[in-house]
Amino acid sequence: MRILGIETSCDETSVAVVLDGIHVQSNVISSSRATFEKLAGVIPEQAARMQIECITPVLQEALIEAKITMSDIDAIAVTRGPGLLGSLLVGTVTARAIASIHKKPLIGVHHTLGHLSSTWLEGGHEITSYGRPGGASLPLFPLLTLSASGGHTDLWHRASHTRGRLLGRTRDDAAGEAFDKGASMLGLPYPGGPSIQKAAEGGDVKAYDFPLPLHAEDTLDFSFSGLKTSLKYLLRDISRASSTRGPQVEDLRLTIDMAASFQHAICRHLVDRVERAITRHPDVKEIHLVGGVSANIHLRNVMGDLCRKKGVTVRVPKNLSYCTDNAAMIAAAGFFLHQELGDDVFNTFQTEASIPLEAVIKE
Ligand code: KG4
Ligand code: ZN
């Protein structure tokens with residue numbers, strides 16, 4: 001089944017062609033990120049206006065790259081939410097129009113289910129690999145998925161694409177949001193994840209102490225607001241000290257070490273939750289890291305260390321472009337929804353700024 005995917009939930013405009021939820025024939029992404037780099041976030045109306053301008057060229061490019069025309073498409077999958085409403089509407093209105101003109105079935109996809117499907121694209125990439133003689137293969141259920149982006153941080157136990165249980169979620173900021181806000185405090189550009197990762201290169205992860213959130217509580221939830229507050233006080237103390245002695249050459253070193261320690265604190269919290277979940281759910285065959293934060297190299301390293309100790313496979317999306325928002329993951333999710341639920345997924349859907357994933361993944 002060849003699916004055309006469309007994703008416009010935030011500042012990206014993306015169209016992809018994916019065969020059977022796995023083989024990516026094209027995945028074109030146009031981002032307005034550069035426009036928002038100095039603003040520490042996205043301006044919704046501006047993002048939507050830019051998406052209106054680029055959705056048609058992106059669609060054409062995705063078809064050309066896949067060397068197909070609309071008649072070769074079996075169905076269209078589009079992100080129906082959650083996200084910025086104006087941006088979502090650009091994608092869903094376009095999808096409805098081309099589905100109607102070309103008489104193709106249309107599937108509305110939950111954005112986060114897209115992220116959860118991203119580890120199937122091209123088979124994903126195994127950071128650690130256990131119990132699989134013969135090398136790379138497709139994911140095996142049951143598995144744990146840590147889904148961490150700028151809008152959510154969830155830990156799922158999944159029996160299939162549409163069956164599973166939410167084990168924990170963030171009580172305040174999302175992990176990506178913690179990176180974004182931390183970067184803004186450190187004077188680094190948006191999005192914060194990649195800029196903190198870059199600033200942290202060669203930094204000392206132990207230079208500054210951050211708390212390990214919720215460690216003493218019997219929960220698999222996440223919380224990042226305490227880390228943000230710790231960084232704020234740390235910066236205040238450092239700026240007081242430097243205003244009494246004047247700016248020093250070693251101030252750059254401070255930023256590098258603070259970025260490294262802050263990044264490590266976020267990753268340590270994520271790994272701490274996963275370790276606890278593995279102990280509670282010894283049936284799981286794999287751990288998946290998805291969403292924008294799964295692109296983080298330090299997170300991959302520390303999660304790899306944990307899973308080597310535990311003898312569990314860790315899988316991440318095959319390419320960095322499948323970690324952050326992209327249409328290939330939406331096409332994949334559309335395929336798996338159809339595979340598990342049949343033609344019912346072709347029913348009508350509403351475009352909504354907020355929808356819980358529990359409406360799609362049920363126990
Ligand atoms: O999944 P995504 O592209 O969009 C949402 O659905 O939110 O995730 C974007 C988030 C941003 O907060 C960004 O700072 C974070 O993912 N991110 C990263 C990295 N790349 C993107 N965080 C840490 N390290 C990275 N390399
Ligand atoms: Zn996303």
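Just follow the structure's listing: the first ligand is 1, and inside any ligand the first atom is 1.
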With sequence neighbours left out, what residues match His281 under ring pair (Phe, Tyr, Trp, His ring centres under 6.0 Å)? His157

Indicate whether any N or O donor in one side chain lies under 3.5 Å from an N or O acceptor in the other, for [X] and [Y].
X: Thr153; Y: Thr170; value: no
X: Glu126; Y: Thr313; value: no
X: Thr324; Y: Glu12; value: no
X: Thr79; Y: Glu7; value: yes
X: Ser225; Y: Asp173; value: no

[X]-ligand 1 polar pair, N/O distance under 3.5 Å:
X: Pro191; result: no
X: Asp325; result: yes
X: Phe179; result: no

Relative to the heavy atoms of [X], which atoms of ligand 1 are at a distance of less than 4.0 Å?
X: His115; result: 1 (O), 6 (O)
X: Val293; result: 16 (O), 18 (C), 22 (N)
X: Gly151; result: 7 (O)
X: Gly150; result: 5 (C), 7 (O), 8 (O), 9 (C), 10 (C), 12 (O)
X: Ala295; result: 26 (N)

Contact with ligand 1 for [X], non-hydrogen, under 4.0 angstrom:
X: Gln263; answer: no
X: Gly192; answer: yes
X: His152; answer: no

Report all side-chain donor-acceptor pairs from residues 143-152 shorter than 3.5 Å, counting only partners two or more places apart or in another chain.
from, atom 1, to, atom 2, distance (Å)
Thr145, OG1, Arg158, NH1, 3.1
Ser147, OG, His152, NE2, 2.7
Ser149, OG, Gly151, N, 3.1
Ser149, OG, His152, ND1, 3.1

Nearest non-hydrogen contact to atom 23 (C) of ligand 1 from the set Cys323, Pro194, Gly193 belongs to Gly193

Please work out which of Asp180, Ile297, Asp11, Leu320 has its closest non-hydrogen atom nearest to atom 13 (C) of ligand 1.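 When every heavy atom of Asp180, Ile297, Asp11, Leu320 is considered, Asp180 comes closest to atom 13 (C) of ligand 1.
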
Quick look: His111 vs ligand 1, heavy-atom contacts under 4.0 Å, and the answer is side chain

Under a 4.0 Å heavy-atom limit, does Asn296 contact ligand 1 with its side chain, its backbone, both, or neither? both

Between Phe222 and Phe224, what is the ring plane arrangement, given parallel below 30°, perpendicular above 60°, and tilted in between?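 Parallel, since the angle between the ring planes stays under 30°.
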
Are Trp120 and His23 an aromatic pair, judged by ring center distance below 6.0 Å? no

Centre-to-centre under 6.0 Å for Phe346 and His338, is that the case here?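 Centroid separation for Phe346 and His338: below 6.0 Å.
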
Name all residues meeting the side-chain hydrogen bond (donor to acceptor under 3.5 Å, both in side chains) criterion together with Ser261; count only those two or more places apart in sequence or in a different chain, and write none if there are none. none

So, Arg171 and Glu217, do they make that salt bridge, N to O below 4.0 Å? yes

Flag the pair Arg276 and Asp218 as a salt bridge only when some basic side-chain nitrogen lies within less than 4.0 angstrom of an acidic carboxylate oxygen. no

Anything protein N/O/S under 2.8 Å from the Zn ion (ligand 2)? Just list residue and atom, please. His111 NE2, His115 NE2, Asp325 OD1

